[in-house]
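The structure under discussion appears below in the form of C-alpha cells.
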Amino acid sequence: MRRNLLIIMILLIILSSFSLSQVKTIKIWAMGEEAKNLNIMAEKFTKETGIKVDVQPLPWTAAFSKILTGVAGRQVPDLAMMGTTWMAPFSAMGAFEDLGSYIAKSKVVKPENFFAGSWETVVYNNKVYGVPWYVDVRVLYYRTDMLKEVGYNKAPDTWDELYDAIKKLSQKYGVGKTGIGLSPTEAANFMPFVWQNGGDIIDKNKNILVKNPEFIEALEFYSRFFKENLVAKGGANVFVDFESGLLPMFFSGPWMVSMIKEQVPKITGKWTVSIMPKKKTRTSFVGGSNWVIFKDSKNKKEAWSFIEFMTRSENQLEWYKILRSLPALKEVWERPELSNDPITRVFREQLDDAKSTPIVPEWDKIETALGRRVEEVCLGNRDVKEGVELLYKDLQKILRK
C-alpha cells in the first residue's frame, strides 16, 4: 500500500513538472511609461490564458540601437512596441513576422477597424508587419482668452486666419513678446502644412516632390512666421510660456492635455484645442505605437494571442484609462469615456484626416535632410528656391535617384 502511494506521489510530481514546463512565457520589449504600466495588462492576460509575460523595459534613447543589435544577433524577444517611424527600416531588414496569415484568421484584428492613417504605418511593400496599438495625432493648442482679445472667438479656421491671428497678437503685445510655436527642424511640425496644401516630400514610388508648387508654397508660408518674428522665442518650458502668453498657439499631441492641467492649473478654462487650420485639407501628423512579432520569435502563436488581447475593445479602453493613450480601434471612441469629453472629441475628428510620414527605410536620413534645409530657409540663411534645390539634391543621394 505504501509502495503504491509512493509511486502515485512520484507520478504526480513528474506530471506536475511536465505541466509546468509547458507553461509558455512571452518576452516583450517596451519603452517609456508604457513599459512601466504594461504589467497591469500582462497580469490580466496571464489570468485569462495561462501564458506568462515578461516585460523588459528599454530607455527610448537606446531602444533603436538595442533593437538593431538584437535583430543582427538574432537575440530578440517575441514581440515589441514599435514607434511608427521605425516600422520601415526594420521591416526592410526582415526583422518582423509577416502577419497577413494571422490577420486573415482573426476575428479581432481587421484593417477596417483602425484609422486609415494608423494602419498605413504597419504596411510595408504590401505586407502587414504590425498591428496599431495606440495613436497620437497633432492638433492646435491655443489660449482662448488671448485670441478673443484680437477678435477670434474660436480657433483660426484657415491658413490665412492662423497668420492673421498671430500677427494681431504680436502687434498687441509687441513683436517678439508672443508667437506661435513652430519648429524649423521637426518633420511632424512642418509636413502637415505640405499635406494640407496637397503636397508631399516623396510619393509611393520614391519620386521626389519637393520642387512641386504645393511643397514650395507650404515652405514659403511656414518660413514666413520665422522671417516676420512671429514664432515664440521662449525658454525650454512650454508650460510656462503657454501660461505667460509668450506661446498662445502651438501644435502638439494628446499627451499635452493632462500635462497642461497639472503643470499650469492657473489657466484652466483659458485654453482648449482645435483641429488643424485648413488650406486644401486639414491633414495632420499621426504617430503612435504598433505591436510587432519578431521573425526569430519562438512563441509566435502566443505573441499573436497577446496582440489580439490588447486589440480587443475593452482592453483598448482600459489602456486609455491607465495612460490616456488614444485607442487605435475606432469603435472604442464611441464609448462615453471618450465621446463625452470635448477635448478628446477634437482628437477623434482630427484622426479622420491624418497621415504618417513616408513609410520608407530611408526616412531617418530624409528627415535629417528635411530639417536641415527647412531650418536654413526659416532662419534666412537661404531663400526658398535655393533651399528646395539643395533638399532635392540631398534626397537624390539618399534615394539614389
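In this structure, the side chains of Phe309 and Met41 come closer than 4.5 Å at one or more pairs of heavy atoms. At least one side-chain heavy atom of Ile201 sits under 4.5 Å from a side-chain heavy atom of Pro358. Between Leu370 and Met191 there is a side-chain heavy-atom pair separated by less than 4.5 Å. Between Ser339 and Glu334, every side-chain heavy-atom pair lies at or beyond the 4.5 Å cut-off. Ile180 is listed as a side-chain neighbour of Leu162, based on a closest heavy-atom distance under 4.5 Å. For the pair Trp304 and Leu99, the minimum side-chain heavy-atom distance is below 4.5 Å. Annotation: side chain of Pro248 is not in contact with side chain of Tyr142 (no heavy-atom distance under 4.5 Å). Two residues are said to be in side-chain contact when any heavy atoms from C-beta on lie closer than 4.5 Å; Val128 and Ile103 meet this criterion.
The pair Asp78-Lys298 does not meet the salt-bridge criterion, since no charged nitrogen lies less than 4.0 angstrom from a carboxylate oxygen. Ion pairing between Lys321 and Glu318 fails under the 4.0 Å rule for side-chain N and carboxylate O. The residues Glu186 and Arg138 are annotated as salt-bridged, a charged nitrogen and a carboxylate oxygen being separated by less than 4.0 angstrom. In this structure, Lys365 does not pair ionically with Asp394, as no charged nitrogen and carboxylate oxygen lie closer than 4.0 Å. Asp54 and Lys27 are not joined by a salt bridge, as no carboxylate oxygen comes within less than 4.0 angstrom of a charged side-chain nitrogen. Between Lys355 and Asp200 there is a salt bridge, since at least one side-chain N of the basic residue sits less than 4.0 Å from a carboxylate O of the acidic one. The pair Glu314-Arg312 meets the salt-bridge criterion, since a charged nitrogen lies less than 4.0 angstrom from a carboxylate oxygen. Ionic pairing of Lys36 and Glu33 is present here: one or more N-O contacts between side-chain nitrogen and carboxylate oxygen are shorter than 4.0 angstrom.
When atom types are taken as modelled, the side chain of Asn229 and the backbone of Val175 share no donor-acceptor pair closer than 3.5 angstrom. Distance alone, capped at 3.5 Å, places no donor-acceptor pair between the Ser170 side chain and the Ile166 backbone. In this structure, Ser284 contributes its side chain and Val137 its backbone to no donor-acceptor pair below 3.5 Å. Under the 3.5 Å distance criterion, the side-chain polar atoms of Thr311 are matched with a main-chain donor or acceptor of Ile307. Within the 3.5 Å criterion, the main-chain N or O of Glu214 finds no donor-acceptor partner in the side chain of Asn212. One N or O on the side chain of Asp203 and one on the backbone of Lys206 form a donor-acceptor pair closer than 3.5 Å. Using modelled atom types, no side-chain atom of Trp133 and backbone atom of Ala328 make a donor-acceptor pair closer than 3.5 Å.
Ring pair Tyr141/Phe251: centre-to-centre distance not below 6.0 Å.
Within the structure, salt bridge (Lys or Arg N to Asp or Glu O under 4.0 Å) contacts touching residues 156-165 (residues at least two apart or in different chains) are Asp157-Arg282, Asp164-Lys168.
No side-chain donor from either of Tyr222 and Glu217 sits under 3.5 Å from a side-chain acceptor of the other. Defined by atom type and a distance below 3.5 Å, a donor-acceptor pair is present between the side-chain atoms of Trp159 and Gln196. With 3.5 Å as the limit, one finds a donor-acceptor pair spanning the side chains of Asn290 and Thr121.
Under a cut-off of 6.0 angstrom, the local environment of NZ in Lys385 is sparse, with at most 12 non-hydrogen atoms contributed by other residues, nucleotides or ligands. More than 12 non-hydrogen atoms from other residues, nucleotides or ligands lie less than 6.0 angstrom from NZ of Lys167. Within 6.0 Å of the NZ atom in Lys393, the count of heavy atoms belonging to other residues, nucleotides or ligands does not exceed 12. Heavy-atom contacts from other residues, nucleotides or ligands closer than 6.0 Å to NZ of Lys127 number 12 or fewer.
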TODO: Mind running side-chain contact (heavy atoms from CB on, under 4.5 Å) on Leu338 and Leu317 for me, showing each step along the way?
DONE: CA-CA 9 Å; Leu338 286 85; Leu317 180 62; 3.7 Å; yes

TODO: Start with the C-alpha gap between Glu308 and Ser106, add the side-chain angles, then the distance that decides, and say whether side chain to side chain donor-acceptor pair (under 3.5 Å) holds.
DONE: CA-CA 8 Å; Glu308 287 194 308; Ser106 178; 2.5 Å; yes

TODO: Please assess Phe306 against Trp291 for the test ring pair (Phe, Tyr, Trp, His ring centres under 6.0 Å), listing each intermediate value before the final yes or no.
DONE: CA-CA 10 Å; Phe306 185 81; Trp291 287 115; 5.5 Å; yes

TODO: Check step by step if ring pair (Phe, Tyr, Trp, His ring centres under 6.0 Å) holds for Trp86 and Trp60.
DONE: CA-CA 12 Å; Trp86 292 1; Trp60 271 113; 5.7 Å; yes

TODO: I would like to know whether Thr46 and Val53 meet side-chain contact (heavy atoms from CB on, under 4.5 Å); could you show each step before the answer?
DONE: CA-CA 7 Å; Thr46 300; Val53 180; 4.1 Å; yes

Open item on the list: Checking Trp255 against Ser325 for the side-chain contact (heavy atoms from CB on, under 4.5 Å) test, could you report, in this order, the C-alpha distance in whole Å, the side-chain angles of both residues, the deciding distance, and whether it holds?
Closed with: CA-CA 8 Å; Trp255 60 86; Ser325 295; over 6 Å; no

Open item on the list: Evaluate Val292 against Leu79 for side-chain contact (heavy atoms from CB on, under 4.5 Å), listing each step before the verdict.
Closed with: CA-CA 5 Å; Val292 297; Leu79 68 161; 5.8 Å; no

- [ ] List the steps and the verdict of ring pair (Phe, Tyr, Trp, His ring centres under 6.0 Å) for Tyr124 and Phe90.
- [x] CA-CA 10 Å; Tyr124 179 75; Phe90 288 114; over 10 Å; no

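Put simply, CZ on Arg143 and NZ on Lys148 are 12.0 Å apart, with the number rounded to the nearest 0.5 Å. Between Thr344 atom OG1 and Glu337 atom CD the span is 10.5 Å, to the nearest 0.5 Å. In this structure, CE on Met82 lies 14.0 Å from OH on Tyr129, to the nearest 0.5 angstrom. Here Ile398 contributes atom CD1 and Trp363 contributes atom CH2; the two are 9.5 Å apart, rounded to the nearest 0.5 Å. For the atom pair CD of Gln316 and CG of Leu329, the computed distance is 5.0 Å after rounding to the nearest 0.5 Å.
A cation-pi geometry, defined here as NZ or CZ lying under 6.0 Å from the six-membered ring centre and within 45° of its normal, does not hold between Arg224 and Phe226.
Between Phe190 and the choices Phe215, Phe285, Phe221, Trp195, the ring pair (Phe, Tyr, Trp, His ring centres under 6.0 Å) rule is met once, by Phe215.
Ring planes of Phe225 and Tyr163: perpendicular class, angle over 60° (limits at 30 and 60°). Classification of the Trp29-Phe294 ring pair by plane angle, with boundaries at 30° and 60°, yields perpendicular.
Minimum interatomic distance between Leu38 and Ala30 (heavy atoms only, all atoms of both residues): CD2-CB, 4.3 Å. Closest approach of Ser118 to Val286, counting heavy atoms only: N-CG1, 4.3 Å. Residues Pro184 and Val374 share a closest heavy-atom pair of O-CG1, 3.3 Å.
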Name every donor-acceptor pair, under 3.5 Å, that has one atom in a side chain of residues 271-281 and the other anywhere in the protein, sequence neighbours excluded.
{"from": "Lys280", "atom 1": "NZ", "to": "Asn197", "atom 2": "O", "distance (Å)": "3.3"}
{"from": "Thr281", "atom 1": "OG1", "to": "Thr283", "atom 2": "N", "distance (Å)": "3.4"}
{"from": "Thr281", "atom 1": "OG1", "to": "Thr283", "atom 2": "OG1", "distance (Å)": "2.7"}

